[in-house]
Each structure stands twice: as C-alpha cells, then as structure tokens.
Amino acid sequence: MDSIDRDILRILQSDGRASIRSVADRVHVSRANAYARINRLIDDGVIRGFGARIDHERAGQGASAYVTLKIVQNSWRTVREQLQELPGATHIALVSGDFDVLLLVHTPDNRTLRELVLTRIQAIPEVLSTRTLLVFEETDLTPGTPPPDRE
C-alpha cells in the first residue's frame, strides 16, 4: 500500500458512495488507475465491503449494550458462530483481560435486550458468564461522519 491507496481508503471511509471519478480526481490519478486500485484493495481483503452507518435509535433500535462474556477455553469459534446469528449483534471481538468476548448489540428496547441476554446468550453452553453494559450515548469516530444533531 502506498500513499495513494491510503488516500483512497480515507475517502471511501468518509463516503462509501464516492464515484470512481470523484476518487480519481481527489487522489490525482486516472479513473482507470483508481478503479484498478480499489479493485485490488477489495481483492486483497483490505476493503471488506461497503455499507451505511446507521443511527440505531432513529432506526428503531433504541437500546444498545456491550455484553462481555467469559467462555469455555478453546470455544471461540463455536461461540462466535452462535453470536453472529443473534438479532441486533453488530460487533464481536475476542479480547484479552477479565473477559473473553466483547459483543455490541442494538435492540428495540430494554425488554428485548434483556431477553437477548438472558434467553439467547446465556443459553449458549460455552458461555460461562455475562455482564451487560448499557450504552447511554454513542459517537461514531469514522472519518467524515457528521456530529450528532441532538443534545
């Protein structure tokens, strides 16, 4: 990766809908070169996909939480597969420290969140314990994301 590739990534992070022409103009290369570079970044797995950044509250997912899990040793792959199937799961990470897994979930309300944790996550046999940390407010640090318009 060179500085042009890094500039392309920065542009696409802030605006995943940027046209090839716009990207090419902003990094001072031809459209064919920009197209080839973006495709190479995709083929190499540097760009894993394109998507929308969602305001979860406005999308009807007003309750958010980080759920920490302690799991049976060497069960990460099994647990990850089951967590990926959960409605509202948006981020799963294997971490070090006092717990093993950090899971971010968005649900319509606290009742749904409670049911998700108590009946779905804690029912996974390899999950030894959980701790739920409610999210009161979020700020997306992705470049180009406008600040929240509400206090």
**Asked** Mind checking whether L103 and H91 have side chains closer than 4.5 Å, heavy atoms only?
**Response** no

**Request:** State which residues pass salt bridge (charged side-chain N to carboxylate O under 4.0 Å, His left out) with D43; sequence neighbours excluded, sorted by chain then number.
**Result:** none

**Message:** Would you say that I121 contacts L86 through its side chain, given a criterion of any heavy-atom pair below 4.5 Å between the two side chains?
**Reply:** yes

**Asked** So, for Q13 and R53, which heavy atoms are closest and what is the spacing to 0.1 Å?
**Response** O-NH1, 3.0 Å

**Message:** Just so I know, are the side chains of F99 and L102 near enough to count as touching, which here means a heavy-atom distance under 4.5 Å?
**Reply:** yes

**Asked** Are I11 and V46 connected, step by step, through hydrophobic side chains (Ile, Leu, Val, Met, Phe, Trp, Tyr) whose heavy atoms are closer than 4.5 Å?
**Response** yes

**Item:** Side chains of E138 and H106 in contact at under 4.5 Å (non-hydrogen atoms)
**Value:** yes

**Item:** Side chain proximity check, L83 to I124, heavy atoms < 4.5 angstrom
**Value:** yes

**Any residue meeting salt bridge (charged side-chain N to carboxylate O under 4.0 Å, His left out) with D7, in chain and number order, not counting sequence neighbours** = R10

**Item:** Closest non-hydrogen atom pair, R6 against M1
**Value:** NH1-O, 3.3 Å

**Item:** Atom pair CG/CZ of L9 and R37 - distance to nearest 0.5 Å
**Value:** 10.5 Å

**Message:** Looking at every heavy atom in both R80 and I92, which two are closest together, and how far apart are they?
**Reply:** O-CD1, 4.3 Å

**Message:** Are the side chains of L113 and V105 in contact, using a 4.5 Å heavy-atom criterion?
**Reply:** yes

**Message:** If hydrophobic clusters are built from ILVMFWY residues whose side chains come within less than 4.5 Å, do L128 and V79 share one?
**Reply:** no

**Message:** Working to the nearest 0.5 angstrom, can you tell me the gap between E137 CD and S64 OG?
**Reply:** 11.5 Å

**Fill in**
Tightest non-hydrogen contact, residues L118 and Q122, listed as CD2-OE1, 3.5 Å

**Asked** Which heavy atom of V23 sits nearest a heavy atom of A18, and at what distance?
**Response** CG2-CB, 3.9 Å

**Request:** Quick one: pull up OG1 in T107 and CD in E115 and give me the separation to the nearest 0.5 Å.
**Result:** 11.0 Å

Side-chain donor-acceptor pairs under 3.5 Å in residues 65-78, sequence neighbours left out?
unit_1 : atom_1 : unit_2 : atom_2 : d
T68    : OG1    : R131   : O      : 3.4
S75    : OG     : V72    : O      : 2.5

**Request:** Please lay out, stage by stage, how D109 and T112 fare under the test side-chain hydrogen bond (donor to acceptor under 3.5 Å, both in side chains).
**Result:** CA-CA 5 Å; D109 52 41; T112 307; 2.7 Å; yes

**Item:** Shared hydrophobic cluster for L94 and L104 (ILVMFWY, side-chain gaps under 4.5 Å)
**Value:** no

**Message:** Please report the interatomic distance CD(E85) to CZ(R120), rounded to the nearest 0.5 Å.
**Reply:** 8.5 Å

**Request:** Decide whether I20 and I47 are clustered together by the hydrophobic rule: side chain heavy atoms of Ile, Leu, Val, Met, Phe, Trp, Tyr closer than 4.5 Å, transitively.
**Result:** yes

**Message:** Using the rule given for side-chain hydrogen bond (donor to acceptor under 3.5 Å, both in side chains), can you reason through N110 versus R114, listing the C-alpha separation, both sets of side-chain angles and the distance that settles it, and then say yes or no?
**Reply:** CA-CA 6 Å; N110 284 338; R114 187 187 85 220; over 6 Å; no

**Message:** Are I42 and F50 packed together at the side-chain level, in the sense that at least one heavy-atom pair is separated by less than 4.5 angstrom?
**Reply:** yes

**D5/R40 salt bridge by N-O under 4.0 Å criterion** = yes

**Asked** Are I54 and T90 side-chain neighbours, meaning at least one heavy-atom pair lies under 4.5 Å?
**Response** no

